[in-house]
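Only one structure is covered here, and it is reproduced in the block below.
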Amino acid sequence: MSTSTSNANSAYHNLQSINANNDAYQFLEEVDSDESLAFAKAENVKCLEALGNPEDSELYQKLLKVLENNDRIPYGTKVGNVFGNPKEGLIYNFWKDDKNIKGLLRRTTMSSYVNSNPIWEPVLDVDKLAEKDGISWVSKGNVPLPVSRDDVDKSENRSVVSRTLIRLSDGGADAIYVKEFCLKSKLFVSELPSGGEDDPLANVGFELPEAKSRILYKSRDVLLVGSDFGPGTMTDSGYPMIFKEWVRGTKLEDAPIVFQGEKTDVSVSVAIDDERYRNGHLLETHTRSTSFYTSRVRVRKLRPEHLYAVNDPRRKDIPEPPEFVWLDIPDDSDPYFFSTAMTVELRSEWNVGGKTYKKGSLLYCDFDEFISKGKENVSFSILFEPTDNRALNGFTATQNFITLRVVEDVKSKLVVMRFCQESKKFVVEGGDEEAQICESDIWAVDRRAGDDVWCDISSFTQPSTLYKTNINDIKTNTTSAIESSAARIKSLPPQYDAENVDVVQKMATSADGTMVPYFIVKRKDTVYDGNNPTLLYGYGGFEISLTPHYVSTQGVSWLERGGVYVEANIRGGGEYGPRWHQAALKENRMKAYEDFIAVGEDLCKSGICKPSTLGARGGSNGGLLMGMMLVLRPDLFGAIHCAVPLLDMKRFHLLLAGASWMAEYGNPDEDFENYLHKYSPFHLIDPEKDYSPFLVTTSTRDDRVHPAHARKMVKKLQDVGKGLWPVYYYENIEGGHGGASNSKQQAFMLTLAYNFLWNTLSNGRSN
């Protein structure tokens, strides 16, 4: 362990007298108390007085233009077909611009969408709805009624999607309100005219009050609902513990419970997996997420009639569905169903059937054989097996194909595989020959209706381009074939001048000898004199990979000014699969911080920057990373931006969704004195240190990572440092975990952060 990280243990024990007063900051855990909000508002004023109002900055206008640019790609989702025209697909898009601040749900036909200027039809205007209701609504998407589960006479022979569940948040929180919406009339169901005696439920819609709800249609008149049903119905992490089956026209409190987890679970979920369009099964699955990375799944086969309410006449004489069967697979693996096959993605080594499969592998077998014969007697095949530099970063499916997203040393590679109905095996059909420094993605246009796909390709300097093609036409050298032969739907115009910018991948050596990759995005004529304001970004947690992507806001805010932008692929992420993530779990968390420090030191050693011109930025788990950089290596960084962070690792499990992260960090009740104290920045504030300029930002409405983490850290820094340390704090009153609920707020927060970093690091240049 490096000297800086090993000192974290002794630092904590040497700061006992200071930490004895930590309880005095708990008043800031009251999110909306007068005292907490007064603190936040006072700090906001002080922050803008010190750093300037972002709205007065030229950068604010530039970023707002990027965020509200009408030339952005209007990514759409095919949701059934046009009403009255079952041969024409219908594309939905949610759009924000300077006229639609909160956003507009709109739609167009497929033939219009693929043209350069689609004709859009408004469906739901969230700005008007917010004004009408007097609530600062933020759209959280919607959950359509699948055509395969709708009534034939209500969906034009199951060709159009007639209903959807609109999810709305007050101010951007994770908790949502739910209201059922009629897509044909473009009205909430409760606003529809009465159907009289012929249809007494015509204007009876499903609606739910604010909660962290999970919802899906089982059929047109049956909803599967996980929500806050009162005391004892939510997990310790604040997510649903109970699912009910709610029939239209009945009271939710009377709905029967169909699945229940444990209080200590992270959450429970229910799904209907309809593989009939692939000649497969109709399945109902129930999942207990026992931790962030482990779950238990039970499954049963259904007949189509089982989707209806129990007392529905269509279920007459239909036998009850079979009992659920718990899948006998590792708790930390993820199952997925494709036709008659079941895939299993492994996070740990699995010894089964006399064979050992590597962690990070993707296996599959015949589902019926697995259930009837058991795991030891079924034949597993390998879809993907990792190597030291190669990992699976997810996969996507069409009707007949699976496309694997593979990363090789953080470079992108696609592998195309077809499912053969005769042999019940997957066969490799093609893909990329070489991995590339880009982000290449494929997803189905409508996986129930063929193998047409959308494709999106971008890189750090190449704006995204959206294509449409068929998977059969891009099986050879897939990424190149997309660019050369697929129909180009729309390209994002360059958002910054990248003509003289190049991308270089480097490796830094961490304290234990591990090689840590990172990408440098810089001007080609960059002089290695240490005077380049350099921004190092990192995350390093929850198996999330940072792969090459177009950096529009970083380009405008940083690269165009002549700065250098760097992304570090530190341990804790998923860049090399589960092993890379697990190397920095719990008591090994310091490895992630050592990796980030190693990249920072490597940058300074190269001459591209020096500590006074090196800044760092990260949010959420990356905010914890930033807090650790402040307390561990203030000598290495000239400025740090810490966004929506968690920083108090002794109480994180007691605040909002914090209990769900114990699989990542540990249980403070058991592990704080053992190791968690080593990476709890709130407990490592040292009056003898000379801390870097430190900007902390968060949102009052963040109901995932509690704003108290940021509030308490800032208040304690002010108290211990007696106001002498350069600490700045801004709390957006709206925004949720993203920190901003609309484009103007987002531009404001980005400008505040980038101007702080740029101005501070520019002052660190040599004269």
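All values below come from the heavy atoms of this structure, side chains included, with hydrogens, waters and symmetry mates left out.
- Minimum heavy-atom separation, Tyr113 to Pro74: OH-O, 2.8 Å.
- The number of heavy atoms from other shown groups lying within 6.0 Å of CD (Gln505) is above 12.
- For Asp432 and Thr478, the side-chain atoms include no donor-acceptor pair closer than 3.5 Å.
- Sparse packing is recorded around CD of Glu433, with 12 or fewer heavy atoms of other residues, nucleotides or ligands lying under 6.0 Å away.
- Taking the ring axis of Tyr518 as reference, the NZ or CZ atom of Lys506 does not stay both within 45° of it and closer than 6.0 Å to the ring centre.
- Residues Glu345 and Phe395 share a closest heavy-atom pair of OE1-CE2, 4.2 Å.
- Between the Asn93 side chain and the Gly76 main chain, no donor and acceptor come within less than 3.5 Å of each other.
- Lys102 and Ser136 share a donor-acceptor pair across their side chains, judged by distance under 3.5 Å alone.
- Under a cut-off of 6.0 angstrom, the local environment of NZ in Lys184 is sparse, with at most 12 non-hydrogen atoms contributed by other residues, nucleotides or ligands.
- In terms of modelled atom types and a separation under 3.5 Å, the side chain of Ser485 and the main chain of Ile482 share no donor-acceptor contact.
- Here the side chains of Thr108 and Glu121 are not in contact, with every heavy-atom distance at 4.5 Å or above.
- Closest of all the heavy-atom pairs between Ile570 and Glu575 is O-OE1, 4.0 Å.
- No donor-acceptor distance shorter than 3.5 angstrom exists from the side chain of Asn532 to the backbone of Thr613, with no hydrogens or angles considered.
- Using a 30° and 60° split on the angle between ring planes, Phe748 and Tyr730 fall in the tilted class, from 30° to 60°.
- In summary, Lys99 and Glu68 do not engage in a salt bridge, as defined by a charged side-chain N under 4.0 Å from a carboxylate O.
- Taking the side chain as every heavy atom from C-beta outward, Arg72 and Leu492 approach each other to under 4.5 Å.
- Contact record, Cys609 with Thr534: CB-OG1, 3.3 Å, taken as the closest heavy-atom pair.
- Salt bridge status for Asp446 with Lys78: present, with a side-chain N to carboxylate O gap under 4.0 Å.
- Annotation: cation-pi pair Arg167/Tyr177 absent, no NZ/CZ under 6.0 Å from the ring centroid and within 45° of its normal.
- Remark: the Gln745 side chain and the Asn732 side chain contain an N/O donor-acceptor pair separated by less than 3.5 Å.
- Sorted pairs that involve residues 478-489 and meet salt bridge (charged side-chain N to carboxylate O under 4.0 Å, His left out), not counting sequence neighbours, are lacking altogether.
- Between the side chains of Thr698 and Glu731, no donor N or O sits under 3.5 Å from an acceptor N or O.
- For Tyr539, there are no ring-ring contact (aromatic ring centres under 6.0 Å, His included) partners two or more places apart in sequence or in a different chain.
- Relative orientation of the Trp558 and Tyr754 rings is tilted, given thresholds of 30° and 60° on the angle between their planes.
- Residues Tyr92 and Arg107 have side chains that bring a donor and an acceptor to within less than 3.5 angstrom of each other.
- Side-chain polar atoms of Gln436 and Ser412 form no donor-acceptor pair below 3.5 angstrom.
- A donor and an acceptor atom, one from each side chain of Asp452 and Asn470, are located under 3.5 Å apart.
- Remark: the His549 side chain and the Gln554 side chain contain no N/O donor-acceptor pair separated by less than 3.5 Å.
- The shortest distance between side-chain heavy atoms of Thr526 and Ile608 falls below 4.5 Å.
- When all heavy atoms of Ile471 and Lys475 are compared, the closest pair comes out as O-CG, 3.2 Å.
- Without hydrogens or angle criteria, Arg149 side chain to Leu145 main chain gives no donor-acceptor distance under 3.5 Å.
- The backbone N or O of Val416 sits nowhere less than 3.5 Å from a side-chain atom of Thr403 that would complete a donor-acceptor pair.
- Between Ser458 and Ser464 the shortest heavy-atom distance is CB-OG, 3.5 Å.
- Between Tyr75 and Trp443, the ring planes lie tilted relative to each other; the angle falls in the 30° to 60° range.
- Electrostatic pairing of Glu180 and Arg163 counts as a salt bridge here, judged by a charged N lying under 4.0 Å from a carboxylate O.
- In this structure the side chain of Trp454 never reaches within 4.5 angstrom of the side chain of Thr469, judged on heavy atoms.
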